[in-house]
Amino acid sequence: MWIHTVRITVLLLALASIVGPPAGAAGGVPQGAATVGDSAESAYNRGLKYRDKAWELTEELETASAAQREKLRKKIEKEYEKAIRAYRTAIKTRPEMHEAHTSLGYALRKTGRFEESLEAYDTALELEPTYTEAIEYRAE
């Protein structure tokens with residue numbers, strides 16, 4: 001019995017050395033970065049989480065003191081940057097994903113990169129001309 005336990009432990013240790021630490025752990029894959037086998041959907045969903053975090057921080061701006069506002073703005077910018085990286089990973093994996101192009105356009109717009117934002121919305125609308133989210137955001 002103990003031989004099986006030893007073999008399993010050795011196999012798990014060997015596997016852990018190949019796979020490495022979990023994403024986001026010290027020394028692991030940076031947040032928003034692609035991983036081997038990363039699906040477009042998981043990258044896109046990760047981008048949505050970063051966007052949602054930026055939204056939460058934006059709501060905090062309303063009640064924040066002047067000193068806190070600058071820190072919050074920097075945090076918001078970082079969350080949108082992580083979202084941009086995640087959406088680009090999704091697009092690289094699945095270029096026809098119009099939702100990722102639209103969300104990329106939104107995050108780029110929120111970081112002041114308007115030309116890139118318009119390009120992303122245009123691509124989304126080329127892929128799905130009736131996608132109302134892209135139509136609305138592009139108009140904004």
Side-chain angles (χ1 to χ4, degrees):
M1 180 83 160
W2 71 273
I3 289 197
H4 285 344
T5 304
V6 170
R7 285 182 182 162
I8 290 171
T9 303
V10 169
L11 286 172
L12 289 173
L13 289 172
L15 182 60
S17 70
I18 293 169
V19 174
V29 177
Q31 290 182 335
T35 60
V36 176
D38 197 10
S39 73
E41 291 77 13
S42 67
Y44 175 71
N45 288 330
R46 197 168 52 250
L48 293 178
K49 287 180 184 178
Y50 297 136
R51 181 211 58 196
D52 291 350
K53 180 65 177 173
W55 284 353
E56 290 172 18
L57 293 168
T58 301
E59 288 178 6
E60 291 180 31
L61 277 174
E62 296 172 17
T63 58
S65 68
Q68 293 172 322
R69 283 190 197 115
E70 188 56 34
K71 288 180 182 179
L72 282 172
R73 284 188 187 99
K74 287 180 181 180
K75 286 182 180 182
I76 291 166
E77 178 91 13
K78 285 181 182 181
E79 291 303 314
Y80 279 124
E81 290 299 331
K82 289 190 281 187
I84 288 167
R85 287 192 301 272
Y87 296 140
R88 286 190 169 144
T89 297
I91 291 166
K92 183 178 179 184
T93 306
R94 207 171 115 209
E96 74 280 2
M97 187 180 211
H98 64 278
E99 302 92 343
H101 288 280
T102 301
S103 294
L104 173 62
Y106 179 86
L108 288 166
R109 180 169 55 93
K110 289 297 190 177
T111 58
R113 292 183 261 181
F114 302 113
E115 291 299 318
E116 288 179 83
S117 175
L118 289 172
E119 289 174 17
Y121 291 138
D122 288 344
T123 302
L125 291 169
E126 285 173 17
L127 295 167
E128 184 60 50
T130 61
Y131 191 51
T132 55
E133 203 171 298
I135 295 168
E136 177 187 344
Y137 287 154
R138 192 180 190 297
E140 288 179 18

Apply side chain to side chain contact (heavy atoms under 4.5 Å, CB included) to the pair Leu118 and Arg138, showing each step before the final yes or no. CA-CA 6 Å; Leu118 289 172; Arg138 192 180 190 297; 3.9 Å; yes

Side chain proximity check, [X] to [Y], heavy atoms < 4.5 angstrom:
X	Y	value
Glu59	Glu56	no
Ile76	Leu61	yes
Tyr50	Tyr80	no
Tyr44	Leu48	yes
Arg94	Glu41	yes
Ile84	Arg113	yes

[X] side chain vs [Y] backbone, donor-acceptor pair below 3.5 Å:
X	Y	value
Tyr121	Tyr106	yes
His101	Asp122	no
Thr123	Glu119	yes

Start with the C-alpha gap between Thr89 and Lys92, add the side-chain angles, then the distance that decides, and say whether side chain to side chain contact (heavy atoms under 4.5 Å, CB included) holds. CA-CA 5 Å; Thr89 297; Lys92 183 178 179 184; 5.6 Å; no

How long is the span from the [atom1] atom in [X] to the [atom2] atom in [Y], to the nearest 0.5 Å?
X	Y	atom1	atom2	result
Glu81	Glu79	CD	CD	10.5 Å
Thr58	Leu72	OG1	CG	8.5 Å
Leu104	Arg85	CG	CZ	12.5 Å

Identify the heavy atoms of [X] and [Y] that sit nearest to each other, and give their distance.
X	Y	value
Tyr87	Ala100	CB-O, 4.0 Å
Ala90	Ala43	N-CB, 3.7 Å
Ala134	Thr102	CB-OG1, 3.4 Å
Arg109	Ser117	CB-OG, 3.4 Å

Pairs in or reaching into residues 66-78: which pass side-chain hydrogen bond (donor to acceptor under 3.5 Å, both in side chains), with residues at least two apart or in two chains?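 Passing the test, one end in residues 66-78: Ser65-Gln68.
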
Using the side chain to side chain contact (heavy atoms under 4.5 Å, CB included) rule, take Glu99 and Tyr131 through it: C-alpha gap first, then chi angles, then the decisive distance, then the call. CA-CA 9 Å; Glu99 302 92 343; Tyr131 191 51; 3.6 Å; yes

Step through the shown structure and confirm whether more than 12 heavy atoms of other residues, nucleotides or ligands are within 6.0 Å of CD on Glu115.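 No, CD of Glu115 has 12 or fewer neighbouring heavy atoms, counting only those of other groups under 6.0 Å.
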
